[in-house]
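Structure record follows, encoded as structure tokens.
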Amino acid sequence: MPELPEVETVRIGLANLLPNQKIKAVWSDWSKSFPNSQADIEAFLIGAKITGVRRRAKVLLIDLDTAYSLVIHLKMTGQIVFRSDDDQLRFGAGHPNESLIGRLPDKSTRVVLTLDGAKLFFNDQRKFGWMRLMPTVEIENLDFFKKVGPEPLAAEFTATHFIERLHRRKNTTIKAALLDQTVIAGIGNIYADESLWGAKIHPAQRVSEIPAAKLKTLFSEMQYVLKLAIEKGGSTDKNYVNAEGKRGSYMSFARVFRRENLPCPRCGTTIIKSRVAGRGTHTCPACQILTK
DNA sequence: CACTTGACCTGTCCGC
DNA sequence: TGCGGACAGGTCAAGT
């Protein structure tokens with residue numbers, strides 16, 4: 001479930017913890033999680049110093065002073081957790097900690113980077129996520145980066161631009177268009193449902209059938225929801241944690257997502273769950289009407 | 001070409 | 001209690 005707000009929360013955490021850290025050792029248990037060769041890892045990662053942490057769409061980028069970067073996609077259940085050796089010892093001694101997860105590595109740990117007095121753990125229960133090492137300048141040439149749409153919170157991204165982008169997928173449902181990373185970057189199932197509820201648009205409505213004024217509302221609702229979610233440290237439904245292993249609190253602000261059988265906070269009607277664009281979809285049947 | 005569906009994985013939950 | 005199957009949802013490949 002890491003979407004833009006979750007990946008951004010991890011980025012903010014790592015940006016405070018990682019710069020100037022030196023990578024001393026690397027361990028991995030699952031080659032698909034970290035497909036680089038041992039030779040590349042030794043040449044460009046071990047001994048490298050971390051210079052910065054960036055995000056583009058749902059992808060995390062850790063830049064190194066070797067002119068290489070770690071490109072990381074958490075997919076559904078990925079976690080990047082920084083833990084100092086001191087904190088790790090407290091777990092062993094049975095001391096409670098605010099972290100949602102216990103002693104590391106655990107059985108979902110796929111990669112461990114040993115730093116100076118700390119370790120960075122890449123955990124991923126479902127093994128869909130990955131990290132890979134590549135020259136920093138080549139990142140923009142990856143297919144995904146060439147095709148991915150604009151950042152929805154960029155200052156220069158306007159409602160007009162948003163509507164233009166959505167119209168690239170005018171014959172599909174608005175939910176499928178929002179989830180399409182080549183249209184706009186970073187929206188996933190949670191924030192698609194939340195934004196559509198905010199704009200009172202049914203997720204199965206065709207893009208071409210939605211008046212521009214409603215799409216304009218959708219633009220501001222989307223920005224509102226994404227900003228609020230970043231402020232709350234993202235959504236923890238099950239797996240997601242930030243760089244310190246702590247949960248995000250957006251789910252307690254969610255209006256429809258995972259709230260089936262509960263009242264709509266706007267009108268009190270019972271929220272229903274259905275399937276749109278192949279995904280579990282949450283709507284208020286009174287506020288979000290499918291027209292035509 | 002535009003769009004939809006299935007595969008990749010594991011853990012959890014539900015019904016029998 | 002155990003077991004099969006549905007489900008979770010980001011992205012790419014394959015199918016319509």
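Lettering follows sequence order; numbering is per chain, from 1.
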Please report the distance separating the [atom1] of [N] from the corresponding atom of [M], rounded so that it comes out in whole Å.
{"N": "dC9(B)", "M": "dA13(C)", "atom1": "P", "value": "15 Å"}
{"N": "dG11(B)", "M": "dT11(C)", "atom1": "P", "value": "22 Å"}
{"N": "dG6(B)", "M": "dA6(C)", "atom1": "P", "value": "12 Å"}

Keeping Asp65(A) on the side-chain end and Lys49(A) on the backbone end, is there a donor-acceptor pair under 3.5 Å?
yes
State whether the side chain of Ser28(A) and the backbone N or O of Arg110(A) hold a donor-acceptor pair below 3.5 Å, judged by distance alone.
yes
Looking at dG10(C), I'd like to know if its phosphate oxygens (OP1 or OP2) sit under 4.0 Å from a side-chain N or O belonging to Arg279(A).
yes
Check the phosphate of dG9(C) against Arg258(A), side-chain N and O only, distance under 4.0 Å to OP1 or OP2. Yes or no?
yes
Hey, are Arg54(A) and Asp63(A) close enough for a salt bridge, meaning a charged N less than 4.0 Å from a carboxylate O?
yes
Which is true for [X] with a 4.0 Å heavy-atom rule: it touches a base, it touches only sugar-phosphate, or it touches nothing?
{"X": "Arg110(A)", "value": "nothing"}
{"X": "Gly278(A)", "value": "nothing"}
{"X": "Lys147(A)", "value": "nothing"}
{"X": "Asn171(A)", "value": "sugar-phosphate"}

Give me the one residue out of Leu70(A), Leu18(A), Ile50(A) that meets side-chain contact (heavy atoms from CB on, under 4.5 Å) with Leu113(A).
Leu70(A)
Between Glu194(A) and the options Arg255(A), His282(A), Glu221(A), Met222(A), the side-chain contact (heavy atoms from CB on, under 4.5 Å) test singles out Arg255(A)
dA6(C) -> Watson-Crick or G-U wobble partner, both distances under 3.5 Å, gives dT12(B)
With sequence neighbours left out, which residue pairs that include part of residues 197-218 of chain A fulfil the side-chain hydrogen bond (donor to acceptor under 3.5 Å, both in side chains) condition?
Gln205(A)-Glu209(A), Gln205(A)-Thr291(A)
Does the side chain of Glu6(A) pick up a donor-acceptor pair with the side chain of Tyr191(A) at under 3.5 Å?
yes
DNA chain B: first to last nucleotide in contact with chain A (atom under 4.0 angstrom from a heavy atom), 5' to 3', is dC3(B) to dT12(B)
For DNA chain C, the residues among residues 125-141 of chain A that have a non-hydrogen atom under 4.0 Å from it
Arg126(A), Phe128(A)
